[in-house]
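Just so we're on the same page: letters track the sequence lines, and every chain starts at 1. No hydrogens, no waters, no symmetry mates; every other heavy atom, side chains included, goes into these values. The structure displayed is predicted, hence computed values, not measured ones.
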Protein chains: 2
Amino acid sequence: MKDPITIKDIARELNISPSTVSRALKNNPQISKATIEQVQALAERLDYRPNTIAQSLRQSRTFTIGVIVPEIAHHFFADAISGIEDIAYKAGYNVIVCQSNESYEREVVNTKTLLSSKVDGILVSVSKQTSQTEHFNVLKRREVPLVFFDRVCEEIEASKVIFDDYEAAFATVEHLIEMGYKRIAHIGGPAPLLLSQLRHSGYVAALKKHGLPVVEEWTIQQGFNIEDGKEAALQLLADPANRPDAIFGVNDLVAIGAMLEIKKAGLHIPNEIGVAGFCDEPIAEVIEPALTSFVQPSFEIGRTAARLLINQIESPDNFEPKTELISDHLKVRASTLRNR
Amino acid sequence: MKDPITIKDIARELNISPSTVSRALKNNPQISKATIEQVQALAERLDYRPNTIAQSLRQSRTFTIGVIVPEIAHHFFADAISGIEDIAYKAGYNVIVCQSNESYEREVVNTKTLLSSKVDGILVSVSKQTSQTEHFNVLKRREVPLVFFDRVCEEIEASKVIFDDYEAAFATVEHLIEMGYKRIAHIGGPAPLLLSQLRHSGYVAALKKHGLPVVEEWTIQQGFNIEDGKEAALQLLADPANRPDAIFGVNDLVAIGAMLEIKKAGLHIPNEIGVAGFCDEPIAEVIEPALTSFVQPSFEIGRTAARLLINQIESPDNFEPKTELISDHLKVRASTLRNR
DNA sequence: CTGAAAGCGCTAACAC
DNA sequence: GTGTTAGCGCTTTCAG
């Protein structure tokens with residue numbers, strides 16, 4: 001790689017000192033209009049790029065924020081990242097994205113990498129395997145600003161952006177009940193995640209409120225992918241005598257996996273089995289019948305998380321952890337609109 | 001943020017010099033076993049993290065590679081990024097991902113950002129708007145290793161990983177022809193992209209080979225999203241007298257957009273209109289009828305691109321641009337299996 | 001308004 | 001085997 005232009009090159013060329021160049025490039029008001037123009041013109045001509053590495057080392061500030069998500073291939077996270085970038089770029093920060101691939105070990109490595117990269121703060125949505133939290137405590141001890149979003153870690157004192165999973169699950173199940181479904185099952189997320197627990201509680205609470213049975217075998221804790229939904233559905237459909245008449249999935253992919261198995265079994269959606277999901281990913285509109293799903297404003301969640309983090313980075317003194325509770329609405333589609 | 005442990009802290013504590021610490025941490029054979037152990041033990045105990053910023057500045061080497069993609073929300077790119085990370089991490093590199101959001105200006109900004117971050121090399125899949133290439137020439141001039149993947153820039157001399165779009169389109173259209181479709185339309189990608197042109201050429205060549213008409217109005221150049229597919233389909237279906245009996249989409253999303261409109265119009269897929277896509281994203285298996293699609297090994301494409309780039313970074317002397325042509329197979333599903 | 005000098009944390013010649 | 005020294009590119013006192 002070619003030797004890049006530095007501030008020294010510009011200084012030499014103009015017979016001024018590097019410090020003046022540095023100031024001129026930053027439009028420092030103490031520098032004369034003339035020099036500022038000269039310097040900036042030459043910088044432009046030589047296509048000078050500041051070495052952010054050197055700036056970071058000098059200022060002990062990287063203007064970079066790290067993001068750890070389970071998988072960017074999940075639409076929710078891809079959108080959330082775009083939301084994070086939106087706020088970050090506008091505030092002059094870059095974003096480094098790491099995937100934990102839902103692995104606890106990988107997540108620990110990610111935090112170490114980001115620590116070494118000296119990011120100014122970290123946004124995390126924890127992996128489904130994460131039950132230990134020592135790696136987050138390390139961040140706390142180093143006083144690295146830290147904000148959790150969507151999949152949070154309760155034990156750690158930090159700002160959090162969470163979705164109102166309990167209420168949303170409650171509303172979704174209540175909708176199923178209003179549509180006349182009475183034997184409602186739940187394909188839940190991985191047990192360690194708070195989000196799984198809350199969605200499950202909301203489901204149970206709605207059933208109880210309406211005097212419907214809470215059948216233990218009708219809750220199946222699984223992962224977050226289509227395959228997980230398929231497996232769970234197979235179990236739920238196994239015994240025709242004790243079969244649910246509706247399924248509430250922890251997310252859209254799981255709900256869609258269930259739909260595929262239901263259709264394969266020759267059962268009608270929504271007349272014989274209703275299905276509802278969570279997230280409202282694009283795929284929910286495409287599958288047939290279209291999937292009823294609780295909308296999660298992923299882009300906004302990302303923006304909110306980034307805003308909290310940047311505030312914390314920029315005014316660390318009067319910092320108090322804040323928890324933002326986000327909600328949205330249920331998007332009702334054909335998968336729960338049965339004919340009675 | 002708390003003052004982090006540095007090499008100096010360790011040196012002071014053990015009454016040795018910083019350079020010895022540096023060497024000991026790297027298992028330099030010149031250092032005695034005893035000091036190595038002492039140093040590493042203390043580093044461990046203090047939870048020392050090397051400051052990669054300082055290392056990068058010193059070595060003019062960041063062990064980071066930059067990636068510019070149009071959108072991580074596209075499954076293809078999310079998978080490709082995972083492939084890139086797979087190779088990069090194993091070789092000791094970090095990955096910074098930038099999204100151009102299909103905007104030329106944003107892509108230019110991305111290249112500047114990566115330049116300032118002093119990444120060791122850059123992987124690019126160009127935006128649909130990109131027709132000027134000056135920003136890539138800048139990279140060339142600075143001798144920043146550069147590899148294009150999937151959406152390449154022909155004019156720039158650089159390594160490229162491309163999919164055999166021509167052959168794949170040809171094979172897909174030939175499959176449609178074999179299934180008895182005779183009035184085959186094409187919803188193409190944005191005109192400036194080489195990939196759009198190649199897939200279109202493959203489509204035309206297959207029609208010609210089998211003596212089928214090449215109707216100009218049956219090719220509609222559009223974007224890459226479901227909405228684009230819907231719009232194009234509306235045009236294609238407008239005149240019942242001159243309606244195609246099959247549609248080959250430039251990717252799955254566009255094909256799915258078309259399917260939605262076809263179904264809305266009350267036409268049967270595949271009997272009245274056959275549909276084929278490209279990429280084989282998960283959604284292809286979920287839509288009804290399931291979508292025939294040419295498989296693109298996105299993860300592998302990412303891995304190949306990363307491998308080429310890292311080779312170029314690590315042996316810049318004997319470097320010659322290489323073009324890797326990847327292919328795969330057509331996954332036939334219900335959307336083209338008509339009853340005759 | 002500008003320059004000189006010091007130093008961010010680390011590494012690599014060069015000494016001994 | 002280990003220490004000394006210099007410097008990566010930049011910013012920021014301090015001086016004038």
Measure the distance from CG on A/Leu25 to C1' on D/dC10 and round it to the nearest whole Å.
11 Å
Within residues 4-14 of chain B: residues closer than 4.0 Å to DNA chain C (heavy atoms):
B/Thr6, B/Ile7, B/Lys8
Counting only side-chain N and O atoms of B/Gln59, is one of them less than 4.0 Å from OP1 or OP2 of C/dA12?
yes
When you measure from the side chain of B/Lys118 to the backbone N and O of A/Asn51, does any donor-acceptor pair fall under 3.5 Å?
no
CD (B/Gln59) with more than 12 external heavy atoms under 6.0 Å
yes
Please check if the side chain of B/Asp120 supplies one atom and the backbone of B/Ile65 the other of a donor-acceptor pair under 3.5 Å.
no
Salt-bridge contact B/Arg151-B/Glu102 (side-chain N to carboxylate O under 4.0 Å):
yes
Please list, for nucleotides 2-4 of chain D, all pairs of protein and nucleotide N/O atoms separated by less than 3.5 Å.
| residue | atom | partner | partner atom | Å |
| --- | --- | --- | --- | --- |
| D/dT2 | OP2 | B/Ser32 | N | 3.1 |
| D/dT2 | OP2 | B/Ser32 | OG | 3.3 |
| D/dT2 | OP2 | B/Thr35 | OG1 | 2.8 |
| D/dG3 | OP2 | B/Ser17 | N | 2.9 |
| D/dG3 | OP2 | B/Ser17 | OG | 3.2 |
| D/dG3 | OP2 | B/Thr20 | OG1 | 2.5 |
| D/dG3 | N7 | B/Arg23 | NH2 | 2.7 |
| D/dG3 | O6 | B/Arg23 | NH1 | 3.1 |
| D/dG3 | O6 | B/Arg23 | NH2 | 3.0 |
| D/dT4 | O4 | B/Ser19 | OG | 3.1 |

Does B/Arg141 come within less than 4.0 Å of A/Asp47, counting only side-chain N to carboxylate O?
no
Using a distance-only test with no angle check, is there a side-chain donor-acceptor pair under 3.5 angstrom linking A/Asn137 and A/Glu155?
no
Near DNA chain C, under 4.0 Å by heavy atom, which residues of residues 42-50 of chain A?
none
What is the distance from CD1 of B/Ile53 to P of D/dG9, rounded to the nearest Å?
15 Å
Side chain to side chain contact (heavy atoms under 4.5 Å, CB included) test vs B/Ser103 passes for just one of B/Glu105, B/Gln99, B/Glu107, namely B/Glu105
For atom CD of A/Glu154, decide whether the heavy atoms of other residues, nucleotides or ligands shown that lie under 6.0 angstrom number more than 12.
no
